[in-house]
Protein chains: 2
Amino acid sequence: MEYLEAKEKFISTWGSLGTLWGINKAMAQIQALLFISTKPLSTEQIMEELKISRGNTSMNVRQLIDWGIVTKELIPGERREYFSTEKDVQELARIIAKERSRREIRPVIKTLEEVSSIKDDGTAATKEFIQQTKALHDLADTADSMLGKLVNQKQNWLTKSILKMFK
Amino acid sequence: MEYLEAKEKFISTWGSLGTLWGINKAMAQIQALLFISTKPLSTEQIMEELKISRGNTSMNVRQLIDWGIVTKELIPGERREYFSTEKDVQELARIIAKERSRREIRPVIKTLEEVSSIKDDGTAATKEFIQQTKALHDLADTADSMLGKLVNQKQNWLTKSILKMFK
DNA sequence: ACTAAATTTCAATAATTTTTGAAAGTTTAA
DNA sequence: TTAAACTTTCAAAAATTATTGAAATTTAGT
């Protein structure tokens, strides 16, 4: 496989993977493009490479910046803005895990806490409801705090964790 | 909050969460409904509770069965089929993690392996591409095998893992 | 084998999400 | 202050995804 083919395949795979971590295709593809680029890219260059419109590029780059994954690079003597993404995969994983927790997991945990706290009126349906939503709450809470712990280790957390975990 | 309100809130929250674990709204809602039900439900009952069509119910129940999350219950003397879901949250988490790995993560790892194996032609772009996709491949591979380990412990894996991990 | 009950399929439709492109807004430098 | 360069916004259009409902198929009892 040649570089160009591999590049296309990577960008497209990463793009369709977007849904897995909760972002849209264009957003994931822009990130992928920046991730393998040797230097920051301008809006123009991103549009050109991915064949997407200016508006689309602008909106999705902004979202990536909101996520903390992409940063503006000011190049001296250049009017236009250039963008680059976090290049360290561990750090990237940390940012993504943290943001997903904040945006999606924690709100759900809050809801589970609420609904599992209804008063037990003695009916079988209510008992089952409370029991099951509590169990779910506990699981989600534990999983999220585990993620939080992993995510707050600055260095090499995944590997370290595995070592600890499986002797 | 009363039972009925809590139930609705739970089903709707769980439904919109579907995207997080890669299934659609109706599918997640059916699973949620079964999860808090004291007994298996028929297609008819699911349609009624969730206000969705017969076809929709049929297709999504089938998918849940494919995932291994829902099972047909044959009730003696009854013609129609009844369905129930795995009630143990740990087991549920195991099944979901396993399926997601198989369906989504492993294919991506395979692609990453392929694209990171192109031959180094000496250009900076190719060097960067190989380095970055390799790093991503390593991370994904490690994360997936970690998930696999967790998932193959039958009992109480999350809690145990956390204990081991954080002393 | 027949029939009625139940389930599945799938083309048409609806709902949702993404993308476009052009107008409006902003910034910089002369 | 002006104007060109660049960015953002957002209503409309396109693309994608989910849902319906009725016909076709399957199943189980007689």
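Just so it is clear, the structure is predicted and the values come from calculations on it, not from any experiment. All chains are named by letter (A, B, ...) in the order of the sequence lines, taking the proteins before the strands, and each is independently numbered beginning at 1.
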Worksheet item: When the distance from CD of B/Glu78 to C1' of C/dA6 is rounded to whole Å, what number comes out?
Response: 12 Å
Item to complete: Would you check if A/Ser42 and A/Tyr82 make a side-chain contact, meaning some heavy-atom pair closer than 4.5 Å?
Response: yes
Discussion item. Under a 4.0 Å threshold between the charged nitrogen and the carboxylate oxygen, would B/Lys87 count as salt-bridged to A/Glu128?
Written reply: yes
Worksheet item: Linking I/L/V/M/F/W/Y whenever their side-chain heavy atoms sit closer than 4.5 Å, directly or via other members, would B/Met47 and B/Leu41 fall into one cluster?
Response: no
Worksheet item: Separation of A/Leu74 atom CG from D/dA5 atom P, in whole Å?
Response: 20 Å
Item to complete: Indicate whether any N or O donor in one side chain lies under 3.5 Å from an N or O acceptor in the other, for B/Thr126 and B/Asp120.
Response: no
Fill in: d(CZ, A/Arg62; P, D/dT7) in whole Å
12 Å
Practice prompt. Measure from CD1 on A/Ile30 to P on D/dT7 and round the result to the nearest Å.
Written response: 13 Å
Discussion item. Just the rounded figure in Å: distance from C1' of D/dT8 to CD of A/Gln63.
Written reply: 14 Å
Worksheet, complete the sentence: Protein heavy-atom contacts under 4.0 Å, written 5' to 3' over nucleotides 18-30 of chain D as B (base), S (sugar-phosphate only) or - (none), form the string SSBB-----BS--
Worksheet item: What is the distance, rounded to the nearest whole Å, between atom CG of A/Leu64 and atom P of D/dT7?
Response: 16 Å
Worksheet, complete the sentence: Rounded to whole Å, the OH-P distance (B/Tyr82 to C/dA6) equals 9 Å
Item to complete: Please determine if A/Glu5 and A/Lys9 form a salt bridge, counting it only when a charged side-chain N lies under 4.0 Å from a carboxylate O.
Response: no
Worksheet item: So what does B/Glu44 touch, heavy atoms closer than 4.0 Å: a base, only the sugar-phosphate, or nothing?
Response: nothing
Worksheet item: Linking I/L/V/M/F/W/Y whenever their side-chain heavy atoms sit closer than 4.5 Å, directly or via other members, would B/Tyr3 and B/Leu34 fall into one cluster?
Response: yes
